[in-house]
Amino acid sequence: MNAFADIEVIGVRHLSPAAANAVLGTLEKSKPKVVLIEGPADATDLLKYIVHEDVKLPISLLAYSQSSSRTLAYPLVDYSPEYVAIKWAFENDALVKFIDLPAKTFLALDEESVDLPVQHGQRHRLDVYKELALDAGESSYDSYWERNFEHQHSSETFREMSWGLGAALRKLEEGDTNFHHLENLTRESYMRRCIQDELDSGVSAASIALILGAYHAPVIDSQEHIMTNKELASLPIHQCAITLMPYSYFRLSRQSGYGAGNSSPLYFTHMWNSREDKTTGYTSRYISEASALLKKKSYKVSTAQLIDAGQLAASLASLKNGVVVLEDLRSAVQTCMMNNVPLSISEEIWDKLEIGSAVGFVPEGLVMTSIQDDFSRLLKELKLARYKTDQLTELKLDLRENRQVKTAKAAFRDLERSKFFNQLKFLKIPFADSREEDSSASWIEKWFVRWRPESEIALVENVLWGETIKAAVTAKFVYEIQQCNKLVMLSRLLRQALDCGFESIISHILNKLKNLAVSDADFLDLSHTCNELSYLVKYGSIRRVNTQACEPFLGQLFYEACLLLMESADCDEKRQGDIASGMHRLQKISNSVDSLVDVSRWQKSLQELSNATNRNPFLSGLAFALLLNQKVITDEDLAKQLQFRLSPALASDIAIYWFEGLISYNAADLVHNKFLWESMSLYVECLTDDEFKKALVLFRRTFSQFENDSKKTITDILINIWGLSKEEATEFMALELTEKESELLDELDDLDFDDF
Amino acid sequence: MSDLLRQSAEDIFAEELDFLIKNEKNPIPDGWSMSPKSVLLYICGGKVGSKTISSKFIGHKRLIEISIATLLTDRSLLLVGEPGTAKSWLSEHLAAAISGDSEKIIQGTAGTTEEHIRYSWNYAMLIANGPSEEALVKSPLCKAMEEGAILRFEEITRCAPEIQDALISILSEKNLAIPDLGKQIAAKRGFSVIATANTRDKGVNDMSAALKRRFNVVSLPAPVDLPTELKIVKQRLTETAKSLSIQAKLPSEEDVTKVLTVFRELRQGNTLDGKSKLKIPSGVLSTAEAISLLTGAMAMAGSFGNGEVTGEHLANGLHGVVLKDEQKDKVVWEDYLEHVVKKRGADWRPIYEASRQLL
């Protein structure tokens, strides 16, 4: 005899308006005293908070522990049957409990740790649903469900159908021994135990209502296996915390797993909200909304097109059973209204139309994770509480000591704020953003502050890293450092560590740096790293972080980079840009922190490169320019080098690349050097016709890099060299191109280096 | 076997169509010969009881559903796409299934006039006896409206825009006025228009917005991936070879895959593994061309060879298809041969050698 026979069992699908409606209808009719719901048993205490008057849906239960990679999210929205049941219970003084396996067991039930007999050819759980859908001629389970279940009005019919569905699914999975199936069986035996406990405490079966997944409904029978005490005691446990957090429709649309998501929450929300309204159908609403969104994007849509879309949707549905579902609406709108709309815009419109941007709210202090607590505390301390709004505000921070306040704490408040903002950025919690400014001063920072509902969600999620902001940042740093196997990534972390004010992390990173630097010998990486190290050295003091430990590293890595210069300069045109930037970086460091680096070794490397003939000519030219700039080249040397580099014996493209490299750094000085242009002019005169053509193309590119006034200066100098008068020259320049000349110029455009 | 070069769809598949009509269980819309579900089955293929219906269109089923649903409403269907993406093919089969007649066609060209679309006169009779029913020469559009059948308007955008616009009123009012006789031809239920238009080509005009509005536009894409294209090509090859009685064996799957690989890579502008970029030739390199290339190769093998398609035959075909514009395409093709085909190993060798010889 089935002791559970009189229980009102309602099989549902999470996040289904029809299911929610059926639940409401059934509860209203049978008025139970106890409502049992499929949800983690250890979250029962949080039920009262779910219905708190200040809580705004969508929200989610979150079970987490810092030592497990598995988390459990259980979202609730307006049309969740579970939520509807909870609300009804509280409004009607009924007892409500969660009766599924506790979250601490779920988190411990790791697929790998469980001993299971494995069979080949195991169907993954989700495929059963897909199979069912395909058999019915639908393209997805969502469409199948909507077409057959969603637009069903009577609660009784819904319950019967969902029971049938559950039974059919069970039949398909009979005999499976994969993890999911066995997990299901365990959960069911646990739930039966909880029901039995209720009956044992004196409640009659008829006064109990049970809301659970349709899959489980057919086996709520006291004659099936009920979990024994021994089995209960042997359930694995992983200590965890459970909290209530705000959630968003966006996240809901992307979720999968327990309490699985729903890819079009806004569409279903509208369906739920207008269930009483018989006048506007959900199809008309969808199509009109789509039209409104298109109009906002300036796409003209005529009323006739809306009518046509409606007809097409109905027509498409008639190929199945006549019930219009989301897929039909979307196809109809796409075909009739969105002909000339590009893909990116239409994606945006689907998102706005079907997913929506709703974000929930859980009032402060209600149920808080430790990290939220910590966050509020810090906001108060740093006097940033008033910036926690959805309004974008600009905040200027002065990192220097404020001498006009009384306490030491207040004196460096802005610096602490800057550190705090950087920590939040590192944790990817959207709150404050700075823009890279050509620093008017190194101690001024401009931040843009804005707290959005999504920020709360990001904040809560970081509790997985640590209990407090500081702990989370530290843990994340440690993790990232471990993952780092490239010098460049490490150097980026260095800067972030400085900006966050974590001195201990810096030494951690430097340790790893020691080990990497030797094997990771790449010129570019070294130049990046030196750059970050010099940043630390320069700005350590303003941020009140001791960065002395970086100094020996800077010197050492700088030296290594110098040694690698020649080797890396043996590259082709594609890479020369990167190497050149690396050289610029090292030069900058050599200029600014000359006490910490071996400047003479750098100059030696540059000399080598600038004298070399078998390296990338652009880089050789650049090296020479850098040396010129440091004023270690005499005029005589300059003359020699020019003659050497611009001699007709060398191929013309090599010469011009060298020239390009030369003027790529600090060209303004060179422009005035008369001797340079004399050598250039002599060189050009010695070229043959073919070589001149080649050279012309390269010159075009090179000279285009000069500023307009530089160009003028050069022209003046050249005029002088060639002995023309200013008037003759201006006249000549003003002449229009002859046809032949235009032709030749056009030919230049088509010139392809592969022809040579 | 018939002595026609190409039979219409309703003749080739008469057996399947008859079977579907006889075993129809769902309601049939007015003027249609079978229910929409059966039309879907006919085109996408499937099983009805013990009989297997062959698949005519291999691609997104959704597009076919939308096309059929469009024709159920009073809207007309416009199939657009690049040349060679099965627009006319689909149009033919839809008409064959829905009306049992795919031969009410207006073929659009730059010289199409309004008379081709609406009606014209037997001028001798007109002059002799004045306007009368007998003197009227009805266009396929008139016939389709009178019989409640599907009109196929091929290459509608090749007609001059002013001529295309003759359809605007007709499609809204669903009747054709003949002022000279003082009467109107009202469309019977089951009448609809399926138009096709190319997107990329010379000689393609724009369509006015007013006319476009009368159509539901369904865009047919090129086959999404190699396996789909392979399926399409293999099926068509078997059918064409049979109907043209080519005395050759079907090319091996590897050979077909090679040809399709070449087509896809040149179409996309990069190798299938995404590693190298390629220049794009001026032609479209559609699936239809791949099919004719392979059919041609088979014909060559059958008539001049020993019945087996070799690399040489394929190379001949490729050469003809890829090099549409002598100058530019030659560079593209050579580049492709040297940098991609040559490096692909032994089984591409024959194609490489033969292609090189032709250049």
Side-chain angles (χ1 to χ4, degrees), chain A residues 130 133-140 142-144 147 283 287 291 294 299-343 346 350 574 750 752-755, chain B residues 26-29 32 34-47 60-80 98 168 171-172 192 197 199 206-207 209-221 279 327-328 331 334-335 338-339:
Chain A
K130 196 85 203 268
L134 288 173
D135 273 345
E138 297 284 352
S139 62
S140 72
D142 281 346
S143 289
Y144 170 79
R147 212 180 290 278
T283 52
I287 294 173
S291 157
L294 281 166
Y299 285 98
K300 293 203 187 75
V301 178
S302 68
T303 321
Q305 283 171 282
L306 303 189
I307 298 174
D308 291 332
Q311 276 191 336
L312 183 59
S315 192
L316 275 169
S318 74
L319 292 178
K320 304 274 168 38
N321 70 354
V323 176
V324 176
V325 299
L326 183 58
E327 199 184 24
D328 300 326
L329 287 168
R330 205 196 245 218
S331 298
V333 167
Q334 173 85 59
T335 309
C336 297
M337 292 159 58
M338 292 173 81
N339 250 329
N340 44 352
V341 177
L343 197 66
S346 55
W350 302 135
K574 281 197 202 117
D750 290 331
D752 194 347
F753 277 102
D754 297 332
D755 293 345
Chain B
N26 299 304
I28 304 177
W32 286 38
M34 59 176 81
S35 70
K37 283 194 190 150
S38 302
V39 176
L40 186 63
L41 194 61
Y42 168 72
I43 295 196
C44 294
K47 272 180 98 78
H60 291 291
K61 195 169 172 185
R62 197 74 186 136
L63 294 172
I64 311 296
E65 287 181 350
I66 297 177
S67 305
I68 298 175
T70 300
L71 296 168
L72 271 175
T73 65
D74 64 350
R75 307 259 296 153
S76 304
L77 179 66
L78 174 62
L79 299 171
V80 298
I98 295 175
I168 295 179
L171 288 179
S172 326
S192 197
T199 45
D206 286 325
M207 205 189 242
L211 183 60
K212 228 182 194 160
R213 221 205 58 62
R214 265 86 180 154
F215 287 99
N216 273 355
V217 182
V218 172
S219 184
L220 293 179
K279 298 197 184 81
Q327 294 243 359
K328 297 199 175 136
V331 177
E334 250 195 274
D335 190 52
E338 290 304 315
H339 294 138

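Chain identifiers are assigned alphabetically (A, B, ...) following the order of the sequence lines, protein sequences preceding nucleic acid strands; residue numbering begins at 1 within each chain.
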Checklist entry - What distance separates M337(A) CE from N216(B) CG, expressed to the nearest 0.5 Å? => result 12.0 Å

Item to check | Interatomic spacing from OG in S318(A) to CG in L72(B) - rounded to 0.5 Å | outcome: 5.0 Å

Next on the checklist: Any heavy-atom pair between the side chains of I66(B) and L312(A) that's under 4.5 Å?
Outcome noted: yes

Item to check | Heavy-atom closest contact (T70(B) atom, S315(A) atom, distance) | outcome: N-OG, 4.5 Å

Next on the checklist: For a side-chain hydrogen bond (donor to acceptor under 3.5 Å, both in side chains) check, start with the C-alpha distance between S139(A) and R62(B), then their side-chain angles and the critical distance, and finish with the verdict.
Outcome noted: CA-CA 9 Å; S139(A) 62; R62(B) 197 74 186 136; over 6 Å; no

Checklist entry - Considering residues, nucleotides and ligands other than K212(B), do more than 12 of their heavy atoms fall under 6.0 Å from its NZ? => result no

Checklist outcome for this item: Taken to the nearest 0.5 Å, the spacing of I64(B) CD1 from L319(A) CG works out to 11.5 Å

Next on the checklist: Please classify the contact between E327(A) and chain B as side chain, backbone, both or neither, with a heavy-atom cut-off of under 4.5 Å.
Outcome noted: both

Item to check | D308(A) side chain near R213(B) side chain, heavy-atom distance below 4.5 Å | outcome: yes

Next on the checklist: Given heavy-atom pairs under 4.5 angstrom as the criterion, report whether the side chain, backbone, both or neither of A313(A) touches chain B.
Outcome noted: neither

